[in-house]
Amino acid sequence: MLTCRICGASVREFVDFGRQPLSDAFRKPDDTSEEYFFRLAVGACESCAMVQLVEEVPRDRMFHADYPYHSSGSALMREHFGRTAQEFLETELSGDDPFIVEIGCNDGVMLSAVHEAGVRHLGVEPSAGVGEVARSKGVRVLTEFFEDSTARAVRDEHGPADVIFSANTICHIPYLESIFLGVDALLKPDGVFVFEDPYWGDIVERRSFDQIYDEHFYFFTATSVRAAARRYGFDLVDVRRLGVHGGEVRYSIARPEARVPTAAVAELLAEEEARGLVTRETLDGFAAGVAGIRDDLVALLKDLKDRGGRVVAYGATAKSATVTNYCGIGPDLVSKICDSTPAKQGRLAPGSHIPVVPSGEFAEPYPDYALLFAWNHAEEIIAKEPAFRDGGGRWILYVPEVHVVE
Ligand code: DWN
Ligand code: SAH
């Protein structure tokens, strides 16, 4: 029987993407070592409603010195985290000698603004390469995985935190109990633990199955986050829906005696109940929708190829590993992936081995069609490449359904 990583109750598996590689393991073309694969499948806990992967990939395989994702690669995300920092500076961090800890600060996209404001901070970031980039911006970084013992060490050295913040990282961490024990040790009595992650409600609505890959272990809802928080002695005191990364929720967690939950919490809980986000019908419907997208996408790409259309992809996202490996899309259907990240360029995409090239090569020459893997940055990317459309090129999107943008 599959059991919940958090509460131990039974988990019902509802979708299986088969054998998948590590989503951010871009290979050197001459690398002949065996690729690591695991079974990517998702289930929902029948007791606490937490949606979760059924198989766990060891963390050091995913997050290490060569982790290639740089958060600052998108103007939208730089703006988003600049605003986030500003908001904290004006509220939670406006007191006397405040201190903020960020779990998974990556290249310092958020903390660099906190550093510039002269506020005490610490990023806890196990991936040394991106952490070094954050340091070059003046951000203080501890190269460790955040967990109970790390949190205690941080508290001993720096004192308690007013805010513990984390973006797109808590959902990457299976061992939530250790995280909450750490938060309990590190957070001031009236402090707040704020994290934002892809929202299961948006994934269901947009059928964005490519949010499911090795690094994303949990798919949160207000219902499942509140249950987890309460299990570890905290409460969910605020929620805010965000438009970034295809739809996320920012959860605020505090000690029950410290803060009163806002009306937004009750509203989102009620909405989730009404939508039935983890009912058998919803979950099986999601799985059927995903299989439909796979069939439609493969049929479209094969048809374009048969008619002599040249197809490339844009954005070597972690998400795209699920798309290519689940659909069986290789270099025969998509000749290259254009991406602005130096650490991914000149490499082969995991599993599919589609070559990744600098985004400048998109225009050499423009293809007939471009499959937009970075659909969450559609506005920014489409605006950067006006000549592609003007010359008759067409973007292909696959969520919530496969379509060619006219
Ligand atoms: O949770 C995670 C999120 C925050 O980031 C991580 N587990 C891994 C990563 O996921 P992803 O790779 O799916 O994230 P993005 O932000 O969708 O990746 C965008 C990709 O597209 C990057 O490789 C950069 C590239 N890009 C580009 O080539 N030109 C992006 C933009 C905006 C551009 O203009
Ligand atoms: N916060 C950034 C980065 C998200 S990518 C953003 O929103 O864009 C996920 C990051 O979490 C990676 O940089 C990875 O190294 C880090 N990470 C993974 N497990 C972690 C852990 N246990 N503690 C701290 N950081 C972790």
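These numbers come from the heavy atoms of this one structure, side chains and all, not from hydrogens, waters or symmetry mates. Whatever order the structure lists ligands and atoms in, that order sets their numbers, starting from 1. Values in this document were obtained by computation on a predicted structure and should not be read as measured data.
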Colleague: Examine ligand 1 and decide if any of its atoms is less than 4.0 Å from a heavy atom belonging to Phe63.
Modeller: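 Outside the 4.0 Å threshold, so no.
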Colleague: If the threshold is 4.0 Å, N to carboxylate O, is there a salt bridge linking Asp214 and Arg59?
Modeller: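 Here Asp214 does not pair with Arg59 in a salt bridge, since their nearest N and O are not under 4.0 Å apart.
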Colleague: Which of the numbered atoms in ligand 2 are below 4.0 angstrom from a heavy atom of Ile103?
Modeller: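 Checking each atom against Ile103, I get 23 (N), 24 (C).
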Colleague: Short N/O distance, under 3.5 Å, between Phe81 and ligand 2?
Modeller: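 No; every N/O pair is 3.5 Å or more apart.
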Colleague: Ignoring angles and geometry beyond distance, decide whether Ala318 reaches within less than 3.5 Å of ligand 1 through its nitrogen or oxygen atoms.
Modeller: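 Min N/O separation from ligand 1 is below 3.5 Å for Ala318.
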Colleague: Just go through Ser340, Pro358, Ala374 and tell me whose heavy atom is the nearest to atom 28 (O) of ligand 1.
Modeller: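 It is Ser340 that holds the nearest heavy atom.
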Colleague: Non-hydrogen atoms of His70 versus ligand 1: any pair closer than 4.0 Å?
Modeller: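 It does not; every heavy atom stays at 4.0 Å or beyond.
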Colleague: List ligand 1 atoms under 4.0 Å from His216, heavy atoms only on the residue side.
Modeller: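 Near His216, meaning under 4.0 Å from one of its heavy atoms, ligand 1 has 1 (O), 2 (C), 7 (N).
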Colleague: For atom 20 (C) of ligand 2, which candidate among Phe145, Phe165, Tyr69 holds the nearest heavy atom?
Modeller: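 Nearest option to atom 20 (C) of ligand 2, by heavy atoms: Phe145.
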Colleague: In ligand 2, which numbered atoms sit nearer than 4.0 Å to a non-hydrogen atom of Asn168?
Modeller: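 Numbered from 1, ligand 2 contributes 4 (C), 5 (S), 6 (C), 7 (O), 9 (C).
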Colleague: Among all protein non-hydrogen atoms, which one is nearest to atom 17 (O) of ligand 1, and what is the separation to 0.1 Å?
Modeller: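 Nearest neighbour among protein heavy atoms for atom 17 (O) of ligand 1, to 0.1 Å: Lys319 NZ, 2.6 Å.
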Colleague: Do ligand 2 and Tyr175 have nitrogen or oxygen atoms that lie under 3.5 Å from each other?
Modeller: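 N/O-N/O distance under 3.5 Å: yes.
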Colleague: For the residue pair Phe99 and His158, is the inter-centroid distance of their aromatic rings smaller than 6.0 Å?
Modeller: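 Centroid distance Phe99-His158: below 6.0 Å, so yes.
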Colleague: Find out whether the Lys NZ or Arg CZ of Arg19 is both under 6.0 angstrom from the six-membered ring centre of Phe38 and within 45° of the ring's axis.
Modeller: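 Pair Arg19/Phe38 does not count as cation-pi.
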Colleague: Show which atoms of ligand 2 fall inside a sub-4.0 Å distance from at least one heavy-atom site of Tyr67.
Modeller: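 Here the atoms of ligand 2 in question are 5 (S), 12 (C), 13 (O).
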Colleague: Judging by distance only, is a nitrogen or oxygen of Phe146 under 3.5 angstrom from one on ligand 2?
Modeller: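 Yes, since at least one N or O of Phe146 sits under 3.5 Å from an N or O of ligand 2.
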Colleague: Checking Asn106 against Ser71: is there a side-chain donor and acceptor pair closer than 3.5 Å?
Modeller: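 Distance-only check passes for Ser71 and Asn106.
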Colleague: Who gets closest to atom 25 (C) of ligand 1 by heavy atom: Asp339, Ile382, Asn376, Asp210?
Modeller: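 Heavy atom nearest to atom 25 (C) of ligand 1 belongs to Asp339.
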Colleague: Which of the atoms of ligand 1 are close to Gly315, meaning less than 4.0 Å from one of its heavy atoms?
Modeller: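 Matching atoms, with element in brackets: 21 (O).
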Colleague: Identify, by atom number and element, the atoms of ligand 2 in contact range of Ser71, meaning under 4.0 Å from any of its heavy atoms.
Modeller: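 That gives atoms 2 (C), 3 (C), 6 (C), 8 (O) of ligand 2.
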Colleague: Return yes when Phe373 approaches ligand 1 closer than 4.0 angstrom through a heavy atom, no otherwise.
Modeller: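 No.
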Colleague: Give the numbers and elements of all ligand 2 atoms closer than 4.0 Å to a heavy atom of Pro126.
Modeller: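 So the answer, numbered in order with elements, is 15 (O), 17 (N), 20 (C), 24 (C), 25 (N), 26 (C).
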Colleague: Which atoms of ligand 1 are found less than 4.0 Å from any heavy atom of Thr341?
Modeller: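 Counting from 1, the qualifying ligand atoms are 22 (C), 23 (O), 24 (C).
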Colleague: May I ask you to identify, for Phe26, whether its side chain, its backbone, both or neither come under 4.0 Å of ligand 1 on a heavy-atom basis?
Modeller: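 It is neither; nothing of Phe26 touches ligand 1.
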Colleague: How far is atom 32 (C) of ligand 1 from its nearest protein heavy atom, and which residue and atom is that?
Modeller: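 Its nearest protein heavy-atom neighbour is Glu380 OE2, 3.5 Å.
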Colleague: Within the structure, does Tyr213 bring an N/O atom to less than 3.5 angstrom of an N/O atom in ligand 1?
Modeller: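 Between Tyr213 and ligand 1 (N or O atoms, distance only) the closest approach is under 3.5 Å.
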Colleague: Of all heavy-atom pairs between Ile170 and Asp197, which one has the smallest distance, and what is that distance?
Modeller: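 In terms of heavy atoms, the two residues are closest at CB-OD2, 3.7 Å.
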Colleague: Relative to atom 24 (C) of ligand 2, which among Thr143, Val124, Val130 owns the nearest non-hydrogen atom?
Modeller: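 Answer by nearest heavy atom: Val124.
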Colleague: Pull out every atom of ligand 1 sitting under 4.0 Å from any heavy atom of Glu215, numbered as shown with elements.
Modeller: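 Every atom of ligand 1 under 4.0 Å from some heavy atom of Glu215: 6 (C), 7 (N), 8 (C).
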Colleague: I want to confirm something. Looking only at heavy atoms, which of His377, His172, Met62 is nearest to atom 16 (O) of ligand 1?
Modeller: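 Closest candidate by heavy-atom distance is His377.
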Colleague: So for ligand 2, is Glu125 a polar contact partner (N or O within less than 3.5 Å, distance only)?
Modeller: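 Glu125 vs ligand 2: N/O contact under 3.5 Å present.
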Colleague: Please determine if Ser127 has a nitrogen or oxygen closer than 3.5 Å to a nitrogen or oxygen of ligand 2.
Modeller: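 For ligand 2, there is an N or O atom that lies under 3.5 Å from one belonging to Ser127.
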Colleague: Show me which atoms of ligand 1 lie under 4.0 Å from any heavy atom of Tyr67.
Modeller: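 Answer, ordered by atom number: 6 (C), 7 (N), 8 (C).
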Colleague: Return the option from His245, Lys344, Met77, Glu196 holding the heavy atom at the smallest distance from atom 4 (C) of ligand 1.
Modeller: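 Minimum heavy-atom distance to atom 4 (C) of ligand 1 goes to His245.
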Colleague: Taking 4.0 Å as the limit for heavy-atom contacts, which would you say applies to Ile381 with ligand 1: side chain only, backbone only, both, or neither?
Modeller: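 Only the side chain of Ile381 comes within reach of ligand 1.
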Colleague: For residues Leu297 and Leu371, determine if any side-chain heavy atom of one lies less than 4.5 Å from a side-chain heavy atom of the other.
Modeller: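 Yes; the side chains approach each other to less than 4.5 Å.
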Colleague: Considering only the protein, which heavy-atom contact is closest to atom 11 (O) of ligand 2, and what is its distance?
Modeller: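 Among all protein heavy atoms, the one nearest atom 11 (O) of ligand 2 is Thr169 OG1, 3.2 Å.
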Colleague: Whether Glu55 and Arg5 form a salt bridge (side-chain N of Lys/Arg under 4.0 Å from carboxylate O of Asp/Glu) is what I want to check.
Modeller: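 Salt bridge: no.
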